[in-house]
Each structure stands twice: as C-alpha cells, then as structure tokens.
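Below is one structure, written out as structure tokens; the observations come after it.
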Amino acid sequence: MNKKLTKDIYSQDAVTAAKELLGKVLVRRFEDGTEIRAVITETEAYHGEEDLGCHASKGRTPRTDVMYWEGGHVYVYLIYGMYWLLNIVTGPKDHPQAVLIRGTDLAPGPGRTGKLLKLDKSFYGEDLLTSNRIWIEEGEKNDIKHTTAPRIGIEYAGPEWSQKPWRFTLND
DNA sequence: TCACGGATTCGT
DNA sequence: CGAATCCGTGAT
C-alpha cells in the first residue's frame, strides 16, 4: 500500500486515465507535515484541441500551456474568481488533454476539492511524480466499477461535445 | 488597456 | 435564480 502511481497511468489518453483514476488516493501534504488522503470518486476527461469543451480548444496560451506537457503534471486554474479546479495532465507531449478531478470522498464537487486541498496558482505545472506536497497513490480496491454521464457546465461546446459520456463516477 | 464571462457554490 | 469574485483571453 501507500504506493505512488507511476508514469504509465498518466501517459494514457485522458478518457482512459479518467476511468483508472477513480478509486485512487489523492494525497496532499501540507507544510506542517499533516496529510490529507482523499479517494477520487468523480472525474471528467478533456481531450485535445478538437474538444470544444477543453480549454486547449483555444490553442496554446499561457493558461493552457501545461496541457501540452507530458502526462503527470498538474493543471490548476481559477474559475468564477473563487475556486481552484484540479486537473491531471495526461498523454504524450504536445497532445493537450487532462482529467478534471470532480470530487473525492472528502469533498463532493471540483470547487470544494480545490478548497479542501488548499490549491492555488503555485500548483500550476506541479509534477505528481516528484512533488512532496501533492501526489496520487494506489487505492484499496481493485474491482472498480463506474457510471458514465455527460460532462457538466460546457453547454457552450455544442451538443456533439457536451453530450459525450466523459464524466465518470465511482459506484458505491 | 479594457471588457467579458467561466469545467462552481451557496444563499434566497 | 442570482450574487460572489478574479484573471486569462480576445478585442480596441
């Protein structure tokens, strides 16, 4: 147990990685040494520039740059001026895609998750394989079952993209 | 340099 | 249903 995930899982495409990250343990270590361990219960996949729901659909900008990096990095951004949303970059270099952590057992909702983990701008580009303040470990269960649903809050992307079943929820 | 609006949440 | 609250993005 307490085994940190290796590069393999992050090198996959976002849709596959989003399913596999369910049930894994998100670990946040604070400066005072205390740790929070939250089981990932809900994810969403954002896949490439052609995905109009993905921020990278606007091309490579200072904000989306990290999505073009190799999988295993952290992409955080501020939404509605209040919440830092946590995303895990996946796939090979120069193929922008990421998995949004939409909820954990300790905090339902992406905004609450970011609040729980006390995320901020400094986590942009953090390496999950070498960071000493945030990483992901193997979970307890092996027989993970999940439910699929359309992604939330991206109506503007049009029906083709907003209706894709790229939202994954861990079954109880 | 400026105006716009968002991968949300909470209270009315 | 609407306010809170800020900065990246694209237009001026």
Side-chain angles (χ1 to χ4, degrees), chain A residues 5 9-10 12-26 28 36 38-92 94-128 131 134-136 146-171:
Chain A
L5 296 186
I9 192 167
Y10 304 121
Q12 305 172 97
D13 74 85
V15 178
T16 304
K19 296 175 195 168
E20 297 197 4
L21 284 173
L22 289 173
K24 298 295 187 288
V25 183
L26 186 55
R28 170 78 165 95
I36 284 183
V39 178
I40 298 172
T41 58
E42 190 171 348
T43 59
E44 273 182 7
Y46 288 86
H47 194 173
E49 293 182 344
E50 70 280 7
D51 176 1
L52 297 182
C54 180
H55 290 161
S57 65
K58 292 179 184 294
R60 191 165 185 162
T61 68
R63 186 208 207 188
T64 63
D65 195 64
V66 71
M67 283 207 266
Y68 291 76
W69 299 6
E70 203 167 32
H73 293 269
V74 170
Y75 167 41
V76 289
Y77 72 95
L78 184 66
I79 188 67
Y80 301 123
M82 300 186 173
Y83 304 102
W84 287 96
L85 301 207
L86 173 63
N87 298 253
I88 310 301
V89 175
T90 71
D94 293 329
H95 190 148
Q97 41 188 315
V99 174
L100 167 66
I101 303 303
R102 194 157 242 303
T104 67
D105 62 332
L106 298 182
R112 293 197 197 94
T113 297
K115 185 178 175 187
L116 171 79
L117 302 178
K118 292 188 168 61
L119 300 180
D120 60 51
K121 193 172 189 173
S122 74
F123 283 85
Y124 185 91
E126 190 90 354
D127 188 339
L128 289 169
S131 174
I134 187 169
W135 64 89
I136 301 177
H146 63 81
T147 302
T148 61
R151 292 176 293 176
I152 290 183
I154 56 166
E155 298 278 308
Y156 62 81
E160 182 191 350
W161 294 103
S162 66
Q163 288 173 17
K164 279 196 184 298
W166 285 357
R167 176 181 167 213
F168 307 99
T169 308
L170 184 66
N171 288 359

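Order of the sequence lines fixes the chain letters, A, B, ..., with proteins taken first and strands second; residue numbering starts at 1 for each chain.
Nearest approach of A:F168 to A:A45, heavy atoms of both residues: CE1-CB, 4.4 Å. Here the shortest heavy-atom pairing between A:L106 and A:A38 reads CD1-CB, 3.9 Å. Closest heavy-atom contact between A:V76 and A:D120: CG2-O, 3.7 Å. Of all non-hydrogen atoms in A:Y75 and A:V89, the two that sit nearest each other are CB-CG2, 4.0 Å. Closest of all the heavy-atom pairs between A:A98 and A:M67 is CB-SD, 3.8 Å.
Rounded to whole angstrom, the span from the CG atom of A:L52 across to the P atom of B:dA7 amounts to 12 Å. For the pair A:D65 CG and C:dG8 C1', the interatomic distance rounds to 13 Å; values are reported in whole Å. Across the protein-nucleic acid pair, A:I79 atom CD1 and C:dT9 atom P stand 12 Å apart, rounded to whole Å. The interatomic distance linking A:E42 (CD) with B:dT8 (P) rounds to 11 Å, in whole Å. B:dC4 atom C1' lies 13 Å from atom CZ of A:R63, rounded to whole Å. In this structure, A:M82 places its CE atom 13 Å from P of C:dC7, rounding to the nearest Å. In this structure, A:L119 atom CG and B:dT9 atom P are separated by 13 Å, rounded to whole Å. One atom, OH of A:Y83, and another, C1' of C:dA3, lie 11 Å apart when rounded to the nearest Å.
When the nucleotides B:dA7, C:dG8, B:dT8 are ranked by their closest atom to the side chain of A:Y75, B:dA7 comes out on top. When distances are taken from the side chain of A:P62 to each of C:dC6, B:dA7, C:dT9, the shortest belongs to C:dT9. Looking at the side chain of A:M67, the nearest of the listed nucleotides B:dT9, B:dA7, C:dT5 is B:dA7. Proximity note for A:R112 (side chain, C-beta onward) versus B:dA7, B:dT9, C:dT9: the nearest is B:dT9.
Among the protein residues, A:L85 comes within range of the sugar-phosphate backbone only, with heavy atoms under 4.0 Å from sugar or phosphate atoms but none that close to a base. Among the heavy atoms of the strands, none lies under 4.0 Å from A:K115.
Under the 4.0 Å criterion applied to side-chain N and carboxylate O atoms, A:E44 and A:R151 are not assigned as salt-bridge partners.
For the atom pair CD1 of A:I154 and NZ of A:K164, the computed distance is 10.5 Å after rounding to the nearest 0.5 Å. Interatomic distance, A:H73 NE2 to A:D127 CG, rounded to the nearest 0.5 Å: 5.0 Å.
For the contact set between residues 102-111 of chain A and DNA chain B, defined by any heavy atom under 4.0 Å, the members are A:R102, A:G109, A:P110, A:G111. Shown for residues 154-170 of chain A: residues whose heavy atoms fall under 4.0 angstrom of DNA chain B, namely A:I154, A:Y156.
Stacking is found between A:Y46 and the pyrimidine-like six-membered ring of the B:dA7 base under the 5.5 Å centre-distance and 30° plane-angle cut-offs.
The backbone N or O of A:L170 sits nowhere less than 3.5 Å from a side-chain atom of A:T41 that would complete a donor-acceptor pair. Put simply, the side chain of A:Q97 gets close to the backbone of A:A14: a donor and an acceptor are under 3.5 Å apart.
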Check your understanding: Under a cut-off of 3.5 Å for both distances of each Watson-Crick or G-U pair, what dot-bracket string does DNA chain C give, using [ ] for crossing pairs and | for inter-strand pairs?
Key -> ||||.||||||.
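Partner A:L5 forms a side-chain contact (heavy atoms from CB on, under 4.5 Å) with one of A:L128, A:I88, A:L21 and no other, that one being A:L21.
The aromatic rings of A:H95 and A:H47 are tilted relative to each other, their planes meeting at an angle between 30° and 60°.
Using C1' as the reference atom, B:dG5 and C:dG2 are 15 Å apart when rounded to the nearest Å.
For the pair A:K58 and B:dG6, the criterion of a side-chain N or O lying under 4.0 Å from OP1 or OP2 is not met.
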